[in-house]
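Structure first, then comments.
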Amino acid sequence: MGYLSCNGESAVAICDPYNWNPRRKPKPEKRHPPKLRIFNYDELAVATNGFSAGNFLGKGSHGRVYKAVLDDGKLLAAVKRTTITTAGNYNNNVSQVDNEIEILSRVRHRWMVNLIGYCVDHRRKTKLLVVEYMPNGTLHDQLHSRSSLPVSWNRRIKHALQIAITVHALHTAETPVIHRDIKSSNILIDGDGNARLADFGLALIGNVDDERLKCTPPAGTLGYLDPSYLAPADLTAKSDVFSFGILLLEIISGREAIDLNYSPSCIVDWAVPLIKRGEFVAICDLKIKNRPYSAVIRKLAVMAARCVRSTAKKRPDMLEVVECLKTVRKLSQASPAWNRLRRRSEERSENVLAVEEEKEEIHVRIVRGGSRRNRKVANVTSVDDVYERIVPEETPPFRRRNFVLRSRSVGAKVGPDPNDDVGDKMVDTIRLLIEIERPVMATTAAMRLSKSRSVGIVRSYKTASRKRY
Ligand SMILES: Nc1ncnc2c1ncn2[C@@H]1O[C@H](COP(=O)(O)OP(=O)(O)OP(=O)(O)O)[C@@H](O)[C@H]1O
């Protein structure tokens with residue numbers, strides 16, 4: 001009788017054997033987002049040891065980031081401090097911080113670098129953002145640093161999936177958010193080894209048809225920027241899909257989005273032709289010894305190639321990307337014995353994969369080959385052949401620079417900060433990189449972007465009627 005008196009949902013809940021498991025942890029109750037804290041400047045100055053070099057974490061285009069110890073050591077945070085320009089003027093950096101505060105106070109996610117609070121100091125004409133502290137650096141550092149061990153395939157796939165889930169959540173939120181600056185240096189790694197999406201300075205909140213969004217000029221980071229996003233009206237969530245595709249190629253290959261040591265230097269021009277020819281192994285990061293079996297690489301590579309298609313409409317949405325990465329993660333997590341067995345059988349039957357573009361769709365053709373002899377007769381390329389062909393001797397594939405270049409967001413200040421005593425070298429290097437790359441980029445895009453750079457990109461909804469871009 002008791003059973004009959006339950007409503008449908010609770011009856012299912014009682015009958016579900018999952019609910020009988022005594023070891024199961026109770027579901028956390030839905031909590032309201034914590035209230036944002038308003039800090040005062042002195043409190044943050046003490047917490048960061050007077051914004052000392054010892055607490056300095058890094059420098060972005062909007063200002064510098066410091067580690068802060070708050071609440072008697074119970075809370076570690078990162079404080080983003082905007083640079084101060086000429087007296088009386090809140091510059092573009094400050095408007096990016098305003099934008100970040102607005103968005104982060106409305107959206108939270110477990111795989112985002114969430115906002116704890118902020119500080120507005122009118123006397124010093126500066127704003128400071130207090131966000132969760134991420135102790136394990138950026139994904140960019142993990143992928144490109146030569147001093148640490150290469151990140152394993154499982155970890156790379158996990159990070160890609162976490163970011164895809166986060167971006168999908170942003171795109172499908174009640175009030176959608178387009179991040180516009182997805183890149184490996186905006187992905188930070190937390191204490192539990194999870195990837196967290198950071199830096200919402202260029203993000204836009206609202207529907208793409210909103211007047212405010214329609215008036216905001218394009219912005220992003222060269223190398224990750226959607227080539228079809230040339231004017232405010234071109235904005236769609238598919239621009240994030242493009243940047244995510246670049247990130248995926250970077251995760252698979254371990255090479256930078258723009259890398260002058262490769263020819264072509266742009267990752268899309270380098271990877272997509274190889275993927276189309278089915279030469280998936282040729283784009284894999286050889287720093288990792290244990291490569292996953294072909295299906296994993298193939299699925300990742302084809303998804304990346306679809307994300308970076310030049311026509312925005314033809315790119316998948318983030319839900320499809322998430323589903324694909326979930327499948328890939330399951331495949332790559334199969335037991336090691338099973339993987340070994342599968343790899344051996346793969347080597348024997350030598351699956352030949354060819355990707356061809358047909359009716360402008362990327363198709364994967366699986367040609368089941370026979371023996372090695374067959375392969376030679378059919379002129380099928382082996383892994384070694386691929387390397388010989390795509391990497392001529394004079395340009396070794398893994399010759400690395402002796403410094404790590406990082407791309408900076410466009411639409412923000414790219415130049416030495418007068419108050420700066422750290423990182424000027426990097427700014428010069430980035431300028432050089434952009435100048436060298438300019439002829440390769442779509443000229444119209446570069447021109448329009450540089451025009452929009454000096455104007456407060458994210459303030460444009462207020463100024464759009466007055467300013468012309
Ligand atoms: N929450 C954080 N925890 C720990 N370190 C951080 C945190 N946020 C930023 N950093 C460090 O500070 C550096 C600068 O970050 P910031 O977000 O200001 O710029 P960026 O994303 O690297 O560059 P850009 O602003 O051009 O996109 C990062 O590379 C990272 O090393």
Side-chain angles (χ1 to χ4, degrees), residues 44 47-48 51 53-70 75-83 91-97 99-101 103-104 108-109 111-118 127-145 148 163 179-203 219-225 243 246-247 256-258 404-417 420 422-423 426-427 429-431 433-434 449 453 457-458:
L44 294 181
T48 55
F51 299 101
N55 286 48
F56 177 74
L57 292 171
K59 183 177 179 291
S61 39
H62 71 276
R64 290 146 159 242
V65 185
Y66 296 86
K67 181 176 173 179
V69 184
L70 290 153
L75 177 65
L76 290 183
V79 177
K80 292 181 161 200
R81 186 189 188 196
T82 52
T83 49
N91 62 0
N92 187 36
N93 297 334
V94 177
S95 79
Q96 281 198 31
V97 171
N99 186 59
E100 204 160 0
I101 293 172
I103 293 180
L104 292 180
R108 294 182 78 82
H109 193 277
W111 293 321
M112 262 170 57
V113 177
N114 294 300
L115 185 64
I116 298 170
Y118 58 93
K127 294 191 182 185
L128 300 105
L129 215 76
V130 183
V131 296
E132 294 170 323
Y133 171 65
M134 300 290 124
N136 290 319
T138 67
L139 180 61
H140 181 273
D141 296 341
Q142 293 207 348
L143 289 175
H144 305 292
S145 152
S148 54
I163 297 305
H179 187 279
R180 299 204 305 167
D181 206 12
I182 296 168
K183 57 178 176 178
S184 56
S185 62
N186 279 343
I187 294 165
L188 298 170
I189 311 298
D190 70 15
D192 298 323
N194 294 311
R196 307 272 211 107
L197 186 60
D199 209 340
F200 283 69
L202 296 180
T221 298
L222 295 176
Y224 294 84
L225 195 61
S243 310
I246 300 286
L247 175 75
E256 305 261 3
I258 294 175
V404 176
L405 277 180
R406 287 192 19 217
S407 317
R408 286 283 159 102
S409 311
V410 181
K413 189 171 149 239
V414 184
D417 167 5
D420 197 8
V422 195
M426 179 181 278
V427 173
T429 320
I430 288 155
R431 266 214 205 118
L433 175 72
I434 292 169
L449 282 166
R453 190 162 62 192
I457 279 187
V458 290

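Remember, it's 1-based here, ligands and their atoms both numbered in the order they're listed.
Each of the atoms 12 (O), 13 (C), 14 (C) of ligand 1 lies under 4.0 Å from some heavy atom of Gly58. Ligand-side atoms of ligand 1 in range of Lys183: 24 (P), 26 (O), 27 (O), range being under 4.0 angstrom from any heavy atom. Which parts of ligand 1 touch Val131 is read off a 4.0 Å heavy-atom cut-off, strictly below it: atoms 1 (N). Within the listing of ligand 1, atoms 13 (C), 14 (C) sit less than 4.0 angstrom from a heavy atom of Lys59. Residue Val65 has at least one heavy-atom neighbour below 4.0 Å for each of these atoms of ligand 1: 8 (N), 9 (C), 10 (N), 12 (O), 14 (C), 15 (O), 18 (O). Against a heavy-atom cut-off of under 4.0 Å, Leu188 is close to the following atoms of ligand 1: 1 (N), 2 (C), 7 (C), 8 (N). Atoms of ligand 1 lying under 4.0 Å from any heavy atom of Val113, numbered from 1 in the order shown and given with element: 1 (N).
Counting heavy atoms under 4.0 Å from ligand 1, residue Thr138 touches it through the side chain alone. When heavy-atom distances to ligand 1 are checked against a 4.0 Å cut-off, Lys80 comes that close only through its side chain, counted from C-beta outward. Residue-level proximity to ligand 1 for Leu57 is carried by backbone and side chain together, each with a heavy atom below 4.0 angstrom. Residue contacts with ligand 1, taken as heavy atom pairs separated by less than 4.0 Å, involve Asp181 solely via side-chain atoms from C-beta onward.
Proximity of a side-chain donor or acceptor of Asn186 to a complementary backbone N or O of Asp181 within less than 3.5 Å is detected.
Two residues are said to be in side-chain contact when any heavy atoms from C-beta on lie closer than 4.5 Å; Glu256 and His144 meet this criterion. A 4.5 Å side-chain heavy-atom check between Leu104 and Met112 finds at least one atom pair inside the cut-off. Within the 4.5 Å cutoff, side-chain heavy atoms of Val130 are placed close to those of Leu70. Contact annotation: the side chain of Tyr133 approaches that of Lys67 to within less than 4.5 Å [non-hydrogen atoms, C-beta and beyond].
Residue Asn186 has at least one nitrogen or oxygen atom sitting less than 3.5 Å from a nitrogen or oxygen atom of ligand 1, judged on distance alone. At least one N or O atom of Met134, backbone or side chain, sits closer than 3.5 Å to an N or O atom of ligand 1. Taking distance alone, with nitrogen or oxygen atoms compared against 3.5 Å, Tyr133 stays at or beyond that limit from ligand 1.
One finds the CG atom of Asn136 at 10.0 Å from the CG atom of Asn194 (value rounded to the nearest 0.5 Å).
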Exercise. Please walk me through it: do Ile187 and Thr138 pass side chain to side chain contact (heavy atoms under 4.5 Å, CB included)?
Worked result: CA-CA 6 Å; Ile187 294 165; Thr138 67; over 6 Å; no
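By the 6.0 Å contact criterion, OH on Tyr66 is enclosed, its count of non-hydrogen atoms from other residues, nucleotides or ligands being greater than 12.
The cationic atom of Arg81 (NZ for Lys, CZ for Arg) lies less than 6.0 Å from the six-membered ring centre of Phe51 and within 45° of the ring axis.
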